[in-house]
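Lettering of chains follows the sequences in order, A, B, ..., and the numbering in each one begins at 1.
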Amino acid sequence: MIEISNLHKSYKMGANSLHVLKGINLKVAEGELLSIMGSSGSGKSTLLNILGMLDEADEGSYVLDGVPIKNLNEKIAAKYRNKFLGFIFQSFNLIGYKNALDNVALPLYYQGLSRGERTDRAMSYLEKVGLADWSGHLPNELSGGQKQRVAIARALASDPKVLLADEPTGALDTKTSYEVMDLIQEINDEGRTILVVTHEHDIAQMTKRIVNLKDGVIIEDTVVSQVRALENV
Amino acid sequence: MFDLDRWDEIFETIRKNKLRTFLTGLSVASGIFILVVLLGIGEGMRNGIAREFEQDASNLIFVFPGVTSKEYKGLNPGRRIQLKNQDYDQILRLYGDKLDKSASLYQNWGQVLNYGKESGSYAVHGTFPAYQELENMSLTSGRFIDLHDLENSEKAMVIGHRVKLDLFKGEDPIGKMVQVSGVNFKVVGVFTDPGGERDEARAVVPITTAQKAFGGANNIERLYLTMKPEDNFDAAVAASNQFSAQLEDFLKEQHTVAPDDNSAIHINNYLENAKRFFTLMDMIRLFFWGVGICTIIAGVVGVSNIMLIIVKERTREIGIRKALGAQPLSIIGMILHESIFVTAIAGFLGLIFSLTLLEFIGPMIETQYIYNPTVNFTVAINTVVILVIAGALAGFFPAWRAARIKPITALRDE
């Protein structure tokens with residue numbers, strides 16, 4: 001599903017240049033649930049941003065579902081993001097003045113779906129995350145866990161190839177974190193590829209494979225026996 | 001533009017951001033409102049001045065003699081020039097084809113008019129029938145002096161309204177005899193004058209009678225001439241200036257006055273004065289336009305400010321939308337569409353409000369200098385269109401910048 005090789009990225013900081021990614025090679029097969037771990041500054045967020053086409057690598061190749069991702073202009077990047085990727089953020093990033101249903105329907109708007117179809121599909125994804133009754137509520141009327149579940153429904157709405165989650169439980173308490181991870185595991189059980197960036201070991205243990213990043217290189221890549229989140233709730 | 005979903009998005013944004021929308025709209029609406037009202041007042045002032053001038057025959061040329069200031073052909077300076085009947089007759093003979101109305105005037109100040117026990121001192125004007133129109137007098141009863149009076153030196157008299165009030169009290173003066181310097185005049189009419197009381201404290205008699213009765217010989221004091229109408233104002237001004245110059249040369253020649261002596265013959269060209277007034281009015285109008293346009297510019301700056309704030313405020317939202325697959329063009333479109341929609345609606349509201357104000361309050365304004373303030377509808381619409389375009393431009397640059405922000409940067413924006 002994802003194939004990256006020899007990925008380099010550096011940032012210019014005035015006169016100095018900061019080499020963040022120093023040749024990353026990674027293959028992710030379809031249906032994997034993978035966590036990227038590392039201390040802050042290890043380059044895990046940069047890697048996720050490149051994978052999410054929010055940022056571009058200086059060097060190296062990136063193939064997503066057989067499509068080489070390079071020389072992206074804004075237009076194509078937007079199209080690919082909409083078609084291939086679903087994002088889940090630490091700070092949820094819901095649009096404050098739109099209710100839960102409209103937030104979930106937004107990626108479908110950018111796919112050009114009709115209003116009726118958008119509402120139907122958004123509603124079915126809200127049901128899937130267990131928030132059908134909350135569809136008319138604004139984000140600030142929802143709890144953190146509910147917000148993240150709306151965000152997950154939104155990420156799923158466009159039926160992406162890959163879900164990218166950047167510290168999805170970073171702003172949640174343990175119990176809610178596990179509930180969210182349970183949902184992510186469920187989605188993965190249905191066969192969707194998911195990448196989770198986290199620095200919490202218990203969260204990482206709930207994925208199927210842990211990639212450990214340090215100073216811009218992968219130092220460890222292990223398959224783990226998945227801990228089901230539901231057992232810990 | 002006709003994308004229903006886009007409209008949905010915009011209405012939702014507007015509904016959820018009422019204050020912001022209201023403020024944007026207010027700055028636009030007030031800009032348009034002030035411009036239209038200013039233009040209306042400018043037009044009203046122009047109309048008012050035009051009406052003032054219409055009251056006196058506005059292409060009037062008015063001649064009165066003075067005192068020479070230069071020695072010429074052996075004649076000493078300080079000589080008083082006296083116009084004669086011959087001057088008037090010759091002017092009519094030479095330039096009659098250019099003239100519309102004309103009258104010469106022999107006037108006596110401070111003549112005592114007696115009727116019964118009442119008496120009073122008034123100016124008595126000996127003149128021609130055309131004097132009525134030249135001076136814009138209107139009759140309240142009876143008739144004005146006519147050619148028959150003139151030819152036969154009839155002792156007919158038209159009195160001003162003030163004279164009637166003073167001498168006749170409540171009585172009807174028509175047909176009554178008034179005595180002036182021992183000569184009996186028969187009152188044939190009463191006039192009023194827009195010039196007011198001072199101009200109504202006069203009596204008008206045929207010039208032939210006046211010259212005989214008051215020892216005027218063939219002396220005249222003033223000439224009143226109007227020219228035949230021209231197609232447009234500028235042509236009329238040109239013709240009237242040319243004629244004034246000819247007239248001056250002719251009279252100086254007749255009375256042996258140095259060609260460069262400016263104090264002997266005074267020619268007052270009302271049209272030239274009117275033109276000056278109209279030029280002044282145009283300046284005032286230009287000024288109003290200037291103020292109005294500055295107001296609009298202030299409005300546009302206001303709109304761009306608000307648009308900048310909107311974009312700043314929505315940076316994170318834009319980042320989210322981009323992460324979800326929004327194309328840069330759709331971001332620009334969304335922001336522009338909203339700004340154009342708001343400025344257009346607000347602009348038209350301001351326009352409608354100001355036009356309504358001019359329409360209903362305008363006719364109620366009863367000052368002398370503002371009359372029928374209106375505004376050219378096309379100009380008003382154009383202004384709104386310009387404002388909308390300006391608003392769009394003002395919104396475009398922030399929108400364009402927003403669309404170029406990397407989503408990752410926008411998402412980090414707190």
Side-chain angles (χ1 to χ4, degrees), chain A residues 11 45-46 48-56 72-99 102-119 138-139 151 154-160 164 166, chain B residues 1-22 24 309-335 337-338 342 396 399-414:
Chain A
Y11 290 108
S45 287
T46 308
L48 194 79
N49 290 339
I50 291 171
L51 291 177
M53 292 177 236
L54 300 173
D55 210 342
E56 219 173 333
L72 292 180
N73 63 27
E74 278 276 355
K75 254 176 102 170
I76 297 171
K79 205 173 106 191
Y80 284 180
R81 278 198 292 268
N82 188 261
K83 207 164 112 188
F84 293 137
L85 302 168
F87 290 93
I88 301 163
F89 302 96
Q90 177 176 2
S91 50
F92 323 126
N93 278 335
L94 299 174
I95 292 177
Y97 62 83
K98 285 178 178 289
N99 65 28
D102 287 342
N103 263 294
V104 176
L106 198 59
L108 302 173
Y109 168 68
Y110 289 116
Q111 280 187 345
L113 263 61
S114 75
R115 189 174 184 80
E117 209 170 333
R118 293 203 304 262
T119 313
L138 292 175
R154 182 179 66 183
L156 286 173
S158 58
D159 194 19
L164 298 172
D166 189 4
Chain B
M1 199 66 187
F2 298 104
D3 183 353
L4 271 179
D5 287 322
R6 172 74 69 68
W7 283 108
D8 256 4
E9 281 280 300
I10 283 159
F11 283 131
E12 192 171 356
T13 322
I14 288 174
R15 257 203 311 280
K16 300 285 161 56
N17 300 285
K18 288 196 187 81
L19 182 67
R20 188 178 79 192
T21 310
F22 173 74
T24 316
I309 293 167
I310 288 175
V311 167
K312 185 83 198 139
E313 197 184 279
R314 294 178 77 174
T315 304
R316 194 183 173 84
E317 182 196 332
I318 289 165
I320 297 170
R321 286 175 183 271
K322 290 187 91 170
L324 295 179
Q327 302 272 334
L329 261 181
S330 103
I331 300 285
I332 295 178
M334 176 180 76
I335 289 169
H337 201 157
E338 187 188 326
V342 172
F396 178 77
W400 189 63
R401 222 180 58 187
R404 280 169 51 98
I405 304 173
K406 287 201 163 163
I408 191 66
T409 321
L411 284 172
R412 263 191 229 121
D413 183 76
E414 290 296 336

Discussion item. Under 4.5 Å from any heavy atom of chain A, what part of B:Arg314 do you find: side chain, backbone, both or neither?
Written reply: side chain

Practice prompt. Would you mind telling me which of B:Gly319, B:Ala323, B:Ser330 has the largest number of heavy-atom pairs within less than 4.5 Å of chain A?
Written response: B:Ala323

Worksheet item: Where does A:Lys98 contact chain B at under 4.5 Å (heavy atoms): side chain, backbone, both or neither?
Response: both

Worksheet item: chain B heavy atoms under 4.5 Å from A:Phe89: which part of the residue, side chain, backbone, both or neither?
Response: side chain

Worksheet item: Say you draw a straight line from CG of A:Asn93 to CZ of B:Arg316; how long is it, rounded to the nearest 0.5 Å?
Response: 4.0 Å

Fill in: B:Ile320 side, atom CD1; A:Phe92 side, atom CZ - distance, nearest 0.5 Å
12.0 Å

Worksheet item: Under a 4.5 Å heavy-atom cut-off, does chain B meet the side chain of A:Leu48, its backbone, both or neither?
Response: neither

Practice prompt. Take B:Arg15 and A:Tyr97, measure what side chain to side chain contact (heavy atoms under 4.5 Å, CB included) needs, and give me the verdict at the end.
Written response: CA-CA 9 Å; B:Arg15 257 203 311 280; A:Tyr97 62 83; over 6 Å; no

Fill in: Inter-residue atom distance B:Leu324.CG - A:Arg154.CZ, 0.5 Å rounding
4.5 Å

Worksheet item: Can you say whether A:Leu94 sits under 4.5 Å from chain B via the side chain, the backbone, both, or neither, judging by heavy atoms?
Response: backbone

Worksheet entry | Set of side-chain contact (heavy atoms from CB on, under 4.5 Å) partners for A:Ser158, sequence neighbours left out | A:Pro107, A:Gln111, A:Pro160

Item to complete: Could you tell me whether the side chain of B:Gln327 reaches within less than 4.5 Å of the side chain of A:Lys79, counting heavy atoms only?
Response: yes

